Amino acid sequence: MNSPFQYIRKSLSRKLSLWIVLFAAVIFNVALGFMFTQSLKAVREEAISRATKELDNTVLRVTSLLDRVEIATNNTDWLVTRHLNTPDSMFVYSRRILQNNPDLNGCSIAFEPYYFRDRGRYFSAYSFNDNGTILTTQEGNDHYEYFYMDWYQTAKLLDRPVWTEPFFDFNPDDIYSKEMIASFCKPLKDNAGEYIGTISVDMSLKWLSETISAVKPYPNSYSIMIGEGGTFFVHPDPQKLLYQTIFTETLAVPDPEVSALGHAMLNGEEGMRELEMDGVDSYVFYKPLGDTGWSVAIVCPESDIFGGYQHLRRIVLFIVIIGLLLMFFVFSRVVTSELKPLMLLADQTDTIAKGSFDQLLPEDKRTDEIGRLNHSFIGMQKSLRKYIDQLQETTATKASIESELKVASTIQVSMLPRIFPPFPERKDIDLYANMKPAKEVGGDLFDFFLRDEKLFFIIGDVSGKGVPAAMLMAVTHSLFRAASAHESDPAIIIRNINETVCPDNSSSMFVTIFLGVLDLPTGHLRYCNAGHDSPLLLNGGVTELKCLPNLPVGILADMKFVTQECDLTYGTTLFLYTDGLNEAMNKDYEQFGMERVTELLKPCAEQEMGPRQVLEHVLDGVRDFVQDAEQSDDLTMLALRYTPGEFATILSERLTLSCDLARVPELNDFIMSIAEKLGMDAPTSAQVQLAVEEAVVNVMNYAYPDGRKGFVTIKAMSDGHELRIVVIDSGTAFDPTKKEKADVTLSFEDRPIGGLGIFLVREIMDSINYERTDNRNILTMIKNIK
Amino acid sequence: MEVKITTDGKETIAAFIGRLDTLASQEIAPQMNELAEAAGGTIILDCSELAYISSSGLRIFLSLRKAAAEKGGKVIVRNITNDIRNVFMMTGFLNLFEIQ
């Protein structure tokens, strides 16, 4: 790239101006070119017509001159032949011609030698004009034998009138020196037609030359005349006169054009030729001179013909070029000033690009496109400022939401049990759970807790992810805790959760839940599945826990959920998970799938791994599968292993009573005897008596309403470490553990009269547990005794 | 189970002897109604020989306390054994009664 090109490229005004000027130049060029061509043609035609006319005129004038000479000659010729008998009259006639034609130089009436016997050998009556005075003399003598002269001989030999080639008049007396003469010679004949002499009229060529040279259509044009041999006898250069022919110079330097012109002129042609004459481009117009065999030509230098035209053209071109330059300059300036706001815009855009939005472009009052652009730009600046402000606000809000999300996440995680193993003091149950949220906060939940001798556990998956899911999850979690505080039937707990969630569920979210209640003393598992994946049982092999599908929670408010039951045998591990496990995806969007889950769990079952190892094993397997792919869903797993201890009974007694309060003392005696056998101290014994009495009286009072008769069986067992007392009846289903705990801090006015019985049982015993099996209420109470 | 009710001026003393279990509570109900009539004054429940009390017994005590409160009297529990004190403690009764 050279720099002028870049200089123009950099500026729109220069570019625009250049284009306009270039375009104008093209138009001017075409228009002027056309005009010039036409003018040239016109000038040329005009020149031709003018020169031709002049030439015609000249030829006409010369011809008329020659004609005059010829006529004068003819007139005299007649007289001469009439008066041959008087030789002296010849002098008169000769003199008369000159008198009648003062512009002629001379006239000879010459006769053959001895034509007039008496006059001797020579007789030629000769008159000549000597500066206005006509002198007449007898011309012939021994020094001037006129009858040998060309002018005499030519007419005689040709036997017709003829113009001689011009010549310098030869005169022995030197009277006409340097006078160039052309003569019209006509043979004289007597009545018999015999040749007797020649009459010759001399015409000064100077005069002819003046006549011809007077023709000057252009200042530097000139005329030439050539004779029959091509000799110049009219030419502005006297050196060439008579000494050179038109062909002379072509002999040294061949010039076909000049030669052609010469031949054309000699051939008596008429026309016009363009050629170089003496080194000057010229137009030559030529025409023959009557019958003389002479030819006249006007040489007009081209510079003369087209001089004015060329001058005009130079001026016009000069004006156009100056005009175009001026145009370029003016356009450049005008466009630059018009585009000035654009420069401002460009500067402003740079400012904006640097991140500064504060400065507004000054308002432009223009109404054209640039004015509009200016307005739009200001509008854009304002909007940009507004949007940036909003964006900053939004960003700040987002940041605060994000930090709140983190808090929410922390709260969520803190709500879930996170101390493992959760029940280190218990040998019959080991449990491990883990949740990996896909986003900041997850929609999965798990929870478990022990109430009495029952393990309540739940795993759930809220539809969707993120904050709304987490909120529903938190609600579900709280509801689970609340609903299972006094309820041990999974279906009822889920139903309670469902009834609470449904009316408020405006966002149509739902939760799949698996809820289980494991009775630890017996291994009896009650569970309810609300649309969740069936848990797996690891017991040597891997099997699926049979589950009714039910509907997820949050869909139908009056959905009836069904509790299912089964018994866990020693060493069985229950594996619960959310679909984040089987639907975990790798980079190729391939799902992990149940088959892989089952395969992973098989070795766990075979090796009787603990819950923690099982989960870690599965997590490792999932990680290997997913690799770097982003976690697509929350992944939650819960495994619990049931290993009930052997109860080595050292004491086992039972007592069955009819439901009659009168039998209460028997009960007390029964317990007292057992306490004695186990060597319990008196206060403990008294407390156990109280607890058992309260439990049994409870049965007696409420198990058999409407006066039905019934029995209550009390079993007492001990392995030496703990005393287990089981109260069994076949009455109405009644779970005393559901009863709310009495508030012992109330003042007496607010204290209800009743409600202390079960409270005392709980207070005294280390653990109580209610089960209803085979239409029997089974209440197990355990007291550690050593 | 035996309840000896004696009146000494403004004070009515009820001495519980034996085990106040659920059955006994039913048995002494009439006597307790009698005692409740004296709730306008001071009722002293002498528990020095009370070996055992069940929740129904506690209920009787609480009923007396409420009756006394209604009639402007007061109930004093006297000489409770450690076992009974334990039960009182568990149930919050220690705060409801004036214990001597």
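Predicted, not measured: the structure shown is a model, and the values here were computed from it. In what follows, every chain begins at residue 1, and chains take the letters A, B, ... in the order their sequences are listed.
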Just so I understand: if I count every heavy-atom pair under 4.5 Å between each of [options] and chain B, which residue has the most?
{"options": "A:D743, A:D660, A:L756", "answer": "A:L756"}
{"options": "A:R663, A:E763, A:Q689, A:M700", "answer": "A:Q689"}
{"options": "A:N668, A:V664, A:T745", "answer": "A:N668"}

Practice task
Name the option with the most non-hydrogen atom pairs under 4.5 Å to chain A; the candidates are B:N86, B:N82, B:D21.
Solution key: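 The option with the most such pairs is B:D21.
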
Problem - Per-residue contact mode, A:Q687 against chain B (heavy atom under 4.5 angstrom) - result: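 When you check distances to chain B, only side chain atoms of A:Q687 fall under 4.5 Å.
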
Under 3.5 Å, side-chain donor or acceptor atoms of residues 87-100 of chain B against the rest of the protein: list the pairs with distances, not counting sequence neighbours.
from: B:T91; atom 1: OG1; to: B:V87; atom 2: O; distance (Å): 2.8
from: B:T91; atom 1: OG1; to: B:F88; atom 2: O; distance (Å): 3.2
from: B:Q100; atom 1: OE1; to: B:R78; atom 2: NE; distance (Å): 3.2
from: B:Q100; atom 1: OE1; to: B:R78; atom 2: NH2; distance (Å): 3.2

Heavy atoms from other residues, nucleotides or ligands near [atom1] of [X] exceed 12 (cutoff 6.0 Å):
{"X": "B:K66", "atom1": "NZ", "answer": "yes"}
{"X": "A:R654", "atom1": "CZ", "answer": "no"}
{"X": "B:K71", "atom1": "NZ", "answer": "yes"}
{"X": "A:Y702", "atom1": "OH", "answer": "no"}

Problem - Under 4.5 Å from any heavy atom of chain A - which part of B:I53 - result: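 Contact with chain A: backbone only.
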
Handout entry: B:E70 portion near chain A, given a 4.5 angstrom heavy-atom threshold
Key =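 Contact with chain A is absent: no heavy atom of B:E70 under 4.5 Å.
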
For [X] and [Y], which heavy atoms make the closest approach, and how far apart are they?
{"X": "B:Y52", "Y": "A:L690", "answer": "OH-CA, 3.1 Å"}
{"X": "A:A682", "Y": "B:D83", "answer": "O-OD2, 4.5 Å"}
{"X": "A:E693", "Y": "B:S54", "answer": "OE2-CB, 3.1 Å"}

Practice task
Decide yes or no for B:L58 and A:L760: does some side-chain heavy atom of the first lie under 4.5 Å from some side-chain heavy atom of the second?
Solution key: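 Side chain of B:L58 against side chain of A:L760, heavy atoms only: contact under 4.5 Å found.
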
Problem - Note, B:S56 side chain near A:V697 side chain (heavy atom, < 4.5 Å) - result: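 Sidechains of A:V697 and B:S56: no contact.
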
